[in-house]
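Indexing begins at 1, ligand by ligand and atom by atom, following the structure's order.
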Amino acid sequence: MNPVLAELHEKARAVLDPVHYDFFAGGAGDEIVLARNEAAFRRLALLPRVLRGKGIRAGFPVLISPTAFHKLAHPDGELATARALDGTVLVSSMASTVPIADVVAAASGPVWFQLYLQPDFAVTEALVRRAERAGCAALVVTVDSPVFGRHRRDIEHGFHDLPAGLAAENMRDLAGVNGLRRIEMSAFTWEDVERLRSITSLPVWLKGILHPADAVLAAGHGAAGIFVSNHGGRQLDLVPAAVEALPAVVDAVAGRIPVVLDGGVRSGGDVALAVALGASAAGLGRPVLWGLAADGSHGVRRVLDVLRDEFEHVVAMCGGQLSRDMVVSRC
Ligand SMILES: Cc1cc2nc3c(=O)[nH]c(=O)nc-3n(C[C@H](O)[C@H](O)[C@H](O)COP(=O)(O)O)c2cc1C
Ligand SMILES: CCCCC(=O)C(=O)O
């Protein structure tokens with residue numbers, strides 16, 4: 001691993017309350033998927049093309065995937081993350097500890113709003129209006145959580161609630177206990193996605209798709225794009241690594257909508273592999289949390305800078321080109 005990322009992770013582990021560290025680091029069940037997400041990248045290799053000059057690939061195809069409760073990592077919470085963007089997209093979690101309007105106001109790049117559809121449609125609609133008023137550029141509906149994953153580390157620690165003083169700020173004044181409504185996980189249908197689309201002009205992405213048939217349905221139901229994701233190994237501990245599920249989804253979508261990959265991306269080389277396999281971009285979860293915990297906004301910036309630098313170097317080595325035929329198995 002890049003020594004800067006390793007150093008940020010070690011510092012995060014040292015400064016965080018161990019209970020909060022385990023909330024960020026942990027996965028569901030036996031954490032098999034958590035480990036596989038990273039291991040699967042190690043099993044892939046790239047065959048560079050030669051004598052192609054500098055090639056034409058430009059840009060940095062990385063975004064920040066939504067993660068909850070940044071104030072558990074750093075006192076400035078999502079404000080610090082947002083200040084680090086420098087053009088990178090931040091998908092801000094519905095479970096942010098800073099209200100979405102303040103996240104967008106602090107951001108140095110586009111902000112998208114991630115949400116879980118709520119059983120009470122009026123609550124979902126209120127969240128959408130908050131995201132729109134704040135100036136978010138897209139909605140990302142997470143669809144892999146009909147029920148919440150079972151995180152053994154959290155259960156062992158008895159970690160169920162935020163410490164006093166911290167709250168899921170987007171849920172304020174939505175008529176719950178003390179004006180704060182709990183985020184609910186519930187099962188929905190494609191009709192619910194259509195209903196959401198009907199009340200907003202924002203692009204609606206779906207996050208947490210693994211089955212190619214669902215990717216086809218997503219395109220058919222007007223999703224602006226999808227995230228191939230297993231929620232960083234925090235939902236069903238029986239699924240493939242995210243990058244293993246990517247090629248079949250890319251084939252099924254056949255270019256109709258963009259496909260983002262998240263889960264286990266830890267280097268610019270991992271970003272390059274995901275792009276070569278057909279992802280439009282790779283999403284980062286935990287690496288951003290480690291940067292944030294270790295050094296606030298500066299730490300997040302360092303994570304993005306390291307990945308950008310590594311990615312550009314790998315692409316240059318590959319003749320400016322990344323395509324599926326260049327990806328082979330190491331074993
Ligand atoms: C601590 C933590 C909190 C998360 N919170 C959310 C969330 O609020 N909404 C969501 O859609 N995904 C959430 N995720 C999943 C991430 O968006 C992403 O899919 C995953 O972290 C990517 O894997 P990686 O951590 O290996 O990069 C969370 C992940 C972690 C680790
Ligand atoms: C209600 C917070 C949801 C956070 C989440 O999605 C996760 O921890 O994986």
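- No side-chain donor from either of Glu78 and Ser92 sits under 3.5 Å from a side-chain acceptor of the other.
- Here the NE2-NE2 distance, from His74 to His298, works out to 12.0 Å after rounding to the nearest 0.5 Å.
- When the options Arg234, Glu184, Met185, Gln114 are ranked by their closest heavy atom to atom 1 (C) of ligand 2, first place goes to Met185.
- If you look at Lys207 next to ligand 1, the close heavy atoms, those under 4.0 Å, all belong to the side chain.
- Atom CG of Asn37 and atom CG of Asn230 lie 4.0 Å apart (nearest 0.5 Å).
- The distance criterion of under 3.5 Å between nitrogen or oxygen atoms is met by Gly285 with respect to ligand 1.
- Which parts of ligand 1 touch Ser229 is read off a 4.0 Å heavy-atom cut-off, strictly below it: atoms 19 (O).
- Between Glu194 and Arg197 a salt bridge is recorded (basic side-chain N to carboxylate O distance below 4.0 Å).
- Here the options are Val204, Thr124, Val193, the test is side chain to side chain contact (heavy atoms under 4.5 Å, CB included), and the partner is Val141; only Val204 passes.
- Contacts between Thr142 and ligand 1, counted as non-hydrogen atom pairs separated by less than 4.0 Å, involve the side chain only.
- Counting heavy atoms closer than 4.0 Å to ligand 1, residue Tyr116 contributes side-chain atoms (C-beta onward) but none from N, CA, C or O.
- For atom 2 (C) of ligand 2, the closest heavy atom belonging to the protein is Ala95 CB, 3.8 Å.
- Checking only distances, Ala68 does come within under 3.5 Å of ligand 1, N or O to N or O.
- Close contacts between ligand 1 and Gln114 involve ligand atoms 7 (C), 8 (O), 9 (N), 10 (C), 11 (O) [criterion: under 4.0 Å to a heavy atom].
- For atom 18 (C) of ligand 1, the nearest protein heavy atom (residue, atom name, distance) is Asp262 OD2, 3.3 Å.
- Here the heavy atom of the protein found nearest to atom 30 (C) of ligand 1 is Arg234 NE, 3.4 Å.
- Between Cys136 and Ile100, some side-chain heavy-atom pair lies under the 4.5 Å cut-off.
- Looking at Arg266 next to ligand 1, an N or O pair under 3.5 Å apart turns up.
- Side chains of Ser267 and Asn2: a donor-acceptor N/O pair is absent below 3.5 angstrom, by distance only.
- Counting only heavy atoms of the protein, atom 15 (C) of ligand 1 lies nearest to His231 CD2, 3.5 Å.
- Salt-bridge formation is not detected for the pair Asp237/Arg152: no Lys NZ or Arg NE/NH1/NH2 atom is positioned less than 4.0 Å from an Asp or Glu carboxylate oxygen.
- Within the listing of ligand 2, atoms 5 (C), 6 (O), 7 (C), 9 (O) sit less than 4.0 angstrom from a heavy atom of His231.
- Of all the heavy atoms of Pro66, the ones lying under 4.0 Å from any atom of ligand 1 are found in both the backbone and the side chain.
- Hydrophobic clustering keeps Leu115 apart from Trp205 (ILVMFWY residues linked when any side-chain heavy atoms are closer than 4.5 Å, directly or through intermediates).
- Those atoms of ligand 2 that come under 4.0 Å of a heavy atom in Phe23, given as number and element, are 8 (O).
- Glu125 has a carboxylate O that lies under 4.0 Å from a charged side-chain N of Arg129, or vice versa, which qualifies the two as a salt bridge.
- At least one N/O-N/O distance between Arg286 and ligand 1 falls below 3.5 Å.
- Looking at ligand 1, you won't find any N or O of Val265 less than 3.5 Å from one of its N or O atoms.
- Ring pair Phe24/Trp290 is perpendicular by interplanar angle, where above 60° counts as perpendicular and below 30° as parallel.
- Residue Ala68 approaches ligand 2 through these ligand atoms, each under 4.0 Å from one of its heavy atoms: 4 (C).
- Among protein heavy atoms, atom 31 (C) of ligand 1 sits closest to Phe24 O, 3.4 Å.
- For the pair Leu117 and Ser186, the minimum side-chain heavy-atom distance is 4.5 Å or more.
- For ligand 1, the atoms lying closer than 4.0 Å to a non-hydrogen atom of Gly263 are 22 (C), 23 (O), 26 (O).
- Applying the 4.0 Å criterion to heavy atoms of Ser93 picks out, from ligand 1, the atoms 7 (C), 8 (O).
- Between Arg302 and Asp309, none of the side-chain N atoms (NZ, or NE/NH1/NH2) sits under 4.0 Å from a carboxylate O, so this pair counts as no salt bridge.
- If you take CG on Leu202 and CG on Leu139, they are separated by 4.5 Å, rounding to the nearest 0.5 Å.
- In this structure, atom 6 (O) of ligand 2 lies nearest to the protein heavy atom Tyr116 OH, 2.5 Å.
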